[in-house]
Amino acid sequence: MNGRFKASGGAVGGGLLVAGTTSDAGKSVVTAGICRWLARQGVRVAPFKAQNMSLNSFVTREGAEIGRAQAMQAAAARVEPTALMNPVLLKPGSDRSSQVVLLGKPVGELSARGYFGDAGEPSSGKTLYAGRREELLGTVTDCLQELRRTYDAVICEGAGSPAEINLRRTDIVNMGLARAARIPVMVVGDIDRGGVFASFFGTTALLSKEDQALVAGYLVNKFRGDVTLLEPGLAMLRGLTGRQTLGVLPFSHGLGIDEEDGMGVPPARTKSRAWGRVSLRGAVRESVVAPPHGAQVLRVAVAAVPLMSNFTDVDALAAEPGVVVRFVDRAEELADADLVVLPGTRGTVRALEWLRERGLADAVARRAAEGRPVLGICGGYQMLGERIEDDIESKAGTVDGLGLLPVRVRFAAEKTLARPVGEALGEPVAGYEIHHGVAEVTGGDEEFLDGCRAGSVWGTHWHGSLESDGFRRAFLRRVAADAGRAFVPAPDTSFATLREEQLDRLGDLIEEHADTAALLRLIEEGVPEGLPFVPPGAP
């Protein structure tokens, strides 16, 4: 099959852009599922997202920062993630500004108006990309071309909706990319939200004639019930648009994949094994916990701080039988927690203020005084220290921390991006670091993953450390002992195996519920001829 792709594609491999009628329609899941399905067919496949906006990021082996979703998709494709797979990453620092990460390295902090080239934006170093859409498009198409020369197929993920007509002029991730690379587009719609037929039709009808010529079909996501009841609507949609529906994916609980960002994470969200977790953006409480290996469960409360980053750090805890993980925003919700986690954040000083405003800071301090476990990761670790000197992120100057760890933090202009390995609690550990804060440890009871422990308070800059099975079990045993819980970690939980099983489930969804023959034709042969124009087109 490898030769088949290369033979028909010439010098480059095949390609497909997975777009969506809305944000959170399922583009990331579908892209990962197609990657896993193709990889199982022996196709050398890679994921790609030209521009991602996310606080959930990852560090590649070469020290580049990319979206965590693209790292997950690379795992689905069974390839090593690289900066080529996500050349532009925007990390929001507020409602109106983001840090721009280009080819894995931060290059500036820009306002939305500056990034999209508003003529009224003041000229400064912060408007580095104002009016430079063609340069950015050239960068992302070069990255895509390099991947297509290396792999048999590249599955691209769009962002938001391709019909965001206010942004079409500056688009480099949806139809702008598809036009530049001449790749077919499949539009995904979330039927669970309702209005999927109108969304498919409206998305197509709002595109220009040239853009519509690349929209090759649709994919329905999250369908519940008897698919035969949907078929008359699909037939009418084809009659109206001239495009087929390439599959109907059923609603599937507990997929457990890395989500793009945590900006919408509400309080009291629950995660647990199966993963048994629902979307963190959901509004309904749900807790599905595998029975504990020991006599009691262990309850973990994660402070849902503003601009939370890499909340996937607690996924490995949620995968443990008998561990319940909740995201909380009220002090009283910490009362019954056996472990409190202060997660990473893109706004350490802002998150610290938020903890104090809500009484959470005092509640965490009381826990520490009582010898009850607290874990700080990255920004959470920084908040637990004595003081923070920040002239980079918040520009707040010197700010008092919570004073629970003997650590002083100074924010540096250069970001630390690393993939450390080491040992803690007698077990090997691997992780990754993404931070501007430089920590000086001045004391403590013991070192802990380049951070420290003082009493029952632990802190580290290492993301992903809890994915190391032996270390996670050792840490949970310490937490259970300090919390007075008869909790025993299961001896056989392999987080890597669970993740592989979830990625295989995504591949199964595509293999069993999509028109895989039609997908192969699109990827291999490109856009079909004669796709009709759906009026009125772009205004």
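Numbering starts at 1 and runs along the sequence shown. Model, not experiment: these values are computed from the prediction.
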Trace of the salt bridge (charged side-chain N to carboxylate O under 4.0 Å, His left out) decision for K105 with E414: CA-CA 10 Å; K105 303 297 180 184; E414 185 174 348; over 6 Å; no
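Within the 4.5 Å cutoff, no side-chain heavy atoms of C143 are placed close to those of M85. Contact annotation: the side chain of S161 never approaches that of T22 to less than 4.5 Å [non-hydrogen atoms, C-beta and beyond]. Within the 4.5 Å cutoff, the side chain of R350 has no heavy atoms near those of the S394 side chain. Contact check for L230 versus V220: side-chain heavy atoms found under the 4.5 Å cut-off. Taking the side chain as every heavy atom from C-beta outward, K49 and T31 never approach each other to under 4.5 Å.
Using bins of under 30°, 30° to 60° and over 60° for the plane-to-plane angle, the ring pair F327/F311 lands in the perpendicular bin.
Side-chain atoms of S28 and E157 form a donor-acceptor pair, as typed in the model, at a separation below 3.5 Å. Under 3.5 Å, the side chains of S57 and E65 contain a donor-acceptor pair of N or O atoms. Defined by atom type and a distance below 3.5 Å, a donor-acceptor pair is missing between the side-chain atoms of T21 and Y218. Judged purely by distance below 3.5 Å, without hydrogens or angles, the side chains of R505 and S252 pair a donor atom with an acceptor atom.
A side chain to side chain contact (heavy atoms under 4.5 Å, CB included) with I172 holds for exactly one of L177, V140, L167, T139; it is V140.
Here the CZ atom belonging to R44 is positioned 10.5 Å from the CG atom belonging to L147, to the nearest 0.5 angstrom.
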